[in-house]
Each structure stands twice: as C-alpha cells, then as structure tokens.
Amino acid sequence: MKQLKKTLLALTVIGLQACGGGGGGGGSTPPLSLDTVQGVYDTTTYSGSGLGGATQAVRAVVLRDGTTWLFLMDGLTATNPSPVGLAKAAVTVSGQSFSGTGKRYMLADASTHAVAVTGSVPAASTVSLNFSDSAGGTTTATTTAAAVSRFNAVAAKADMAATWTFSATQPAVGGGTVSVTWNWTVDANGTLSGSNSLGCDFTGTVLPRSEAVAVFDTSITENCAGTTRIFSGVAFQNSAHTYTTFGLILNDGSTGTVAVAQKVEPT
C-alpha cells in the first residue's frame, strides 16, 4: 500500500490562570480566551481506556483558532514514548470551560472513531480534560496536562530547514509486509519535497505559525502511481531540533497519520 503510515493523533488542552474581579469586592471572573489557552501540553496523570487501550498519555497542541491536536502516546514524556494515535477536535470556550468534538485515528488497526473533549483549568498552566465518544456522553478517559514552556515562542524556519527521514512497515500488495522509508527535504523558505522507497513523490510546505507557539502548519501532497492525496496538519520538534513529529490528516478526514522523522546530518 503506497501511502503514509496510518496512525493516531493525540491532543490535550492547555491552561491559564483566571484573574479576579475589579475593586469594590466581588468582580466577576473573566472567561477563558483561546489566545491565552494556546500552547503545547503533556500529560502528568491519565486514566481510562476511551482513547484506545494503548494510550497512556497525551501531548496536546491547542491553537488560538480552537483547533486542538491530540498526539496519543504509549507512556509519559519521561519514558521516551511512541505515538499510538492522533486526534483532532475543534474547541470553543464558554465561561471557565471549553469543549469540542472531532475524530481520533488509531495506529495499530487504522481505525477511526468520534471523540469529544471537555475541560477546565484547575491551576496555572494546567488543564484537566475529560474524553467521551460524543458530546455530553459518558466520560471514558481523563487526563491532567501541564504546559511545556519551551513551546511558548514562535517557531523558526531555520530549525526545520533540513532533510528528514523515517521508516514504517506497511501491508504489501499480494500479502505480507514491506518496510518503507521516506525522505523529505525542507528548504529555507519552508518548501517540502521528497520521495519514499515505493516511488511516491511528495511536495508541500512546513511553515511556522505566526503566534508564540513553536508549532509548524503543514500541508503535504502525495503522488503515488497516478493517485494524488493531500494531507494537512501540524509539526513540532524536540528541544535539540533533531526530531520532528508530523501529525497529518487526509483532507477528506478518512485517515490520520503520525510520522516521527529524524534529521539527516550532513556527512
């Protein structure tokens, strides 16, 4: 199968401290704002099985337009986890809480599921999230997530300008499996080009978002044996800028993928 590795995406929502009211005593607490809620958050505690049995933690990327990406992981950040799924939801704020619905994509079986998230901000830079299968449904998983401060800055094009490589095992035509390797090069302007070992070609862009969140907007077109597919999503990097994690969803919403790509160092 000539396509990107199918997987899941993962999300979590971020936190801010609400301010008190004005003088005279008893001023009302202002509502949350997506501008201040934006950021990248990692799970500190997690329970439940509603995001798939393999999910043990979430990295959430919350953007100021309400788009929330959930990278579903098999362990906490300190354990060097691997992605097991991806989710995307559209979140809106009402008073001191937020909620939204979307889809999650699991890696192991390439399955797609509905997901709903509701949350609150119990403390500064902390979010408490509840997940269910539908808006207003029974909670099936919960997490508390803390803001990752190194992402509180505008991403730099220079950090993405490199060649990136990753590999995955996919079903082979006629049965069995095949190992596929991708090589993507991003130039100084954020333009992506590349190919994989199946002969597919890729073009697109990986561009920093304008706000102070170190995340890249990503659009990638795959051309494989005469078939064209367009993926869009986000990307972020480790602190050394030697690994980039891409979370991508096919434009018709049918497929989600996560790729963890390593930087190819010049020789």
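These values consider heavy atoms only, across backbone and side chains, with no hydrogens, waters or symmetry-generated copies.
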Is there a path of hydrophobic side-chain contacts, each under 4.5 Å between heavy atoms, that joins F131 and L76? no

Distance-only check: which donor-acceptor pairs under 3.5 Å involve side-chain atoms of residues 199-208, not counting sequence neighbours?
none

Check: L63 main-chain N/O paired with T67 side-chain donor or acceptor under 3.5 Å: no

Tightest non-hydrogen contact, residues V213 and G39, listed as CG2-CA, 4.1 Å

Can you give me the closest heavy-atom contact between G233 and L248, atom names plus distance? N-CD2, 4.0 Å

Could you give me the CA-CA distance, side-chain angles and deciding distance for T185 and S193, then say whether side-chain hydrogen bond (donor to acceptor under 3.5 Å, both in side chains) is met? CA-CA 5 Å; T185 296; S193 60; 5.3 Å; no

If we count only N and O atoms by modelled type, under 3.5 Å, do the side chains of T177 and T169 hold a donor and an acceptor together? no

Criterion side-chain contact (heavy atoms from CB on, under 4.5 Å) on L198 and Q170, from CA distance to verdict: CA-CA 11 Å; L198 294 178; Q170 295 188 169; 4.2 Å; yes

Just checking, is any N or O donor in the side chain of N223 or T227 under 3.5 Å from an acceptor N or O on the other one? no

Answer whether the closest heavy-atom distance between the side chains of V258 and T245 falls below 4.5 Å. yes

Which pair of heavy atoms, one from S132 and one from T138, lies closest together, and at what distance? CB-O, 3.2 Å

Donor-acceptor pair between D42 and T77 side chains, under 3.5 angstrom: yes

Of all residues at least two apart in sequence or in a different chain, which pass the ring pair (Phe, Tyr, Trp, His ring centres under 6.0 Å) check with F151? none

Could you pull out the closest heavy-atom pair between M160 and A235, with the gap in Å? CE-CB, 4.4 Å

Residue pair G50 / R104: nearest heavy atoms and the distance that separates them: O-NH2, 3.2 Å

Pair T165, N183: side-chain N/O donor-acceptor within cut-off below 3.5 Å: yes

Start with the C-alpha distance between V40 and R59, add both sets of side-chain angles, then the distance that settles side-chain contact (heavy atoms from CB on, under 4.5 Å), and finish with yes or no. CA-CA 7 Å; V40 176; R59 165 161 281 185; 3.9 Å; yes

Using the rule that Ile, Leu, Val, Met, Phe, Trp and Tyr join whenever any side-chain heavy atoms are under 4.5 Å apart, tell me whether V154 and F236 fall into a single cluster. no

Under the ring pair (Phe, Tyr, Trp, His ring centres under 6.0 Å) test, residues paired with F246 that sit two or more places apart: W184

Interatomic distance, L32 atom CG to T92 atom OG1 [nearest 0.5 angstrom]: 11.0 Å

Are any side-chain N or O atoms of T126 and backbone N or O atoms of A124, one a donor and one an acceptor, separated by less than 3.5 Å? yes

Rounded to the nearest 0.5 Å, the CG atom of D159 sits from the NZ atom of K157 at a distance of 12.5 Å

How long is the gap from CG on D65 to CD on E211, to the nearest 0.5 Å? 7.5 Å

Is the side chain of T68 donor-acceptor paired with the backbone N or O of V91 at a distance under 3.5 Å, no angle test? no

From CA spacing to verdict: side-chain contact (heavy atoms from CB on, under 4.5 Å), F216, R209: CA-CA 6 Å; F216 297 81; R209 291 186 62 84; over 6 Å; no

Stepwise side-chain contact (heavy atoms from CB on, under 4.5 Å) test for N251 and R229: CA-CA 8 Å; N251 274 9; R229 304 193 302 168; over 6 Å; no

Say whether S47 and T142, considering side chains only, have a donor N or O and an acceptor N or O under 3.5 Å apart. yes

How long is the gap from CD on E222 to OG on S195, to the nearest 0.5 Å? 12.0 Å

Contact summary for T112 and S254, nearest pair of heavy atoms: OG1-O, 3.6 Å

Between T244 and Q237, is there a side-chain donor-acceptor contact under 3.5 Å, judged purely by atom types and distance? yes

Side chains of T191 and N189 only: does a donor on one sit below 3.5 Å from an acceptor on the other? no

So do V115 and D133 actually touch side chain to side chain, heavy atoms under 4.5 Å? no

Please round to the nearest 0.5 Å and tell me the distance separating atom CG of L129 and atom OG1 of T118. 8.0 Å

Roughly how far, to the nearest 0.5 Å, is OG of S82 from CE of M73? 6.5 Å

